[in-house]
Amino acid sequence: MTAEEAVLATYDIVVLDPAFQGSIDLVARGGAWVCGYLSLGEIRADDPSLMFLDHAALLPENPDWPGTLRVDIRHPSWRSLVLDRQIPSFASRGFSGLMFDTLDTPPYLEALDRIRFHGMREAAIELVGAIRTRWPKMMLIMNRGFALLPDVVQKIDAVIAESLMTSPDSPTGRYVWVGADQLELQLALLKPAKLRNPPLPILSLDYWDPDDTRTIAEIRHRERELGHHPYVATRSLNQIVREIR
């Protein structure tokens, strides 16, 4: 919710929580694209936007993220909330882009129960397309959502490969390197981005202890060797981890 605008302004792309209390204008003056975080497949149980949402669009809680409800992305009420309230609010505050999160959820639910959740994946693709059509000049970035990538690769400006090489380890609370098999699988899923003409920028988001600058430098080096634009963060994304050159 707070961060030093002068530091944020040194980056090309900045993603901020919609509750950010600082000056978006000060960040943008440095030339940064300032993108608002927008969850398209889930919503926090304490989100004020819930008052505008038909509760029929709400699904059970995500067990991996207590306090976060999955949503039926097919429901007209959810589409209306996103297109008619949330994004206009971002635009009015000076955000020049959006970062879509939780777009892994709709195809996951459809794969889990193909009868109950039939059409979730297609609805997610359609919503991304509707956002692109209505806000053609906004920078649109998708976090993961690899199951949708082949169908939205022409509608977004970048994709985030979160936890591509390193990830928090929940049982221990430490950070670990992702296994070789999992890394290869994710790289295969990113191929539509590489094959697009021009290639879709891949923004890698890895997690590591900010005090371990040597390992962070190694993570960034490996990501750049793959042609990615790297960033390394803390799991809670509550501080800026600057690169030491």
Side-chain angles (χ1 to χ4, degrees), residues 1 15-20 35-91 95 97-135 138 140-153 155-156 159-163 167-168 170-171 182 185-186 189 192 205 207 235-237:
M1 294 176 66
V15 179
L16 296 173
D17 188 282
F20 181 66
C35 302
Y37 173 93
L38 181 61
S39 177
L40 290 181
E42 301 178 2
I43 188 170
R44 294 194 307 268
D46 60 355
D47 192 314
S49 299
L50 280 175
M51 65 183 296
F52 303 109
L53 184 65
D54 186 336
H55 281 209
L58 297 176
L59 298 172
E61 183 180 69
N62 181 341
D64 296 323
W65 289 97
T68 300
L69 302 171
R70 290 168 172 155
V71 299
D72 187 341
I73 200 169
R74 302 166 299 182
H75 200 287
S77 179
W78 179 250
R79 177 188 173 93
S80 177
L81 176 66
V82 170
L83 296 176
D84 302 328
R85 288 190 177 275
Q86 291 181 322
I87 300 180
S89 176
F90 280 116
F95 285 95
L98 301 166
M99 192 278 273
F100 304 144
D101 199 15
T102 65
L103 277 174
D104 288 312
T105 301
Y108 165 76
L109 290 175
E110 184 165 2
L112 197 65
D113 189 333
R114 295 190 179 277
I115 296 177
R116 180 183 178 190
F117 297 117
H118 175 73
M120 291 280 276
R121 179 181 180 277
E122 189 60 35
I125 294 168
E126 196 279 332
L127 182 56
V128 171
I131 294 169
R132 168 53 73 207
T133 298
R134 195 174 297 193
W135 288 278
M138 270 196 162
L140 304 183
I141 303 173
M142 181 173 71
N143 183 29
R144 294 180 63 88
F146 298 149
L148 310 181
L149 190 56
D151 295 284
V152 302
V153 70
K155 301 171 184 176
I156 58 177
V159 61
I160 296 175
E162 183 181 13
S163 295
S167 179
S170 297
Q182 182 64 21
L185 172 60
Q186 292 188 82
L189 293 171
L205 174 59
Y207 298 101
R235 183 65 185 93
S236 55
L237 295 166

Residue pair Glu42 / Thr68, side-chain donor-acceptor N/O under 3.5 Å: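 The criterion, which ignores hydrogens and geometry beyond distance, is not satisfied for Thr68 and Glu42.
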[atom1]/[X] to [atom2]/[Y] distance, rounded to the nearest 0.5 angstrom?
X: Ile87; Y: Leu140; atom1: CD1; atom2: CG; result: 8.0 Å
X: Leu16; Y: Phe90; atom1: CG; atom2: CZ; result: 9.5 Å
X: Leu103; Y: Leu40; atom1: CG; atom2: CG; result: 5.0 Å

Taking [X] for the side chain and [Y] for the main chain, is one N or O donor matched with an acceptor at less than 3.5 Å?
X: Arg235; Y: Pro168; answer: no
X: Thr105; Y: Gly41; answer: no
X: Thr133; Y: Gly129; answer: yes
X: Trp65; Y: Arg44; answer: no

Kindly state each residue pair satisfying salt bridge (Lys or Arg N to Asp or Glu O under 4.0 Å) with at least one member in residues 101-118, sequence neighbours excluded.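 Of all non-adjacent pairs touching residues 101-118, those that pass salt bridge (Lys or Arg N to Asp or Glu O under 4.0 Å) are Asp104-Arg144.
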Please collect all salt bridge (Lys or Arg N to Asp or Glu O under 4.0 Å) contacts where either partner lies in residues 56-78, sequence neighbours excluded, each pair once.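 Pairs touching residues 56-78 that pass the test: Asp72-Arg74.
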Within the 4.5 Å heavy-atom criterion, are Met138 and Ile131 side-chain neighbours or not? no
Which atoms form the tightest heavy-atom contact between Asp17 and Phe95, and what is the distance? O-CZ, 4.4 Å
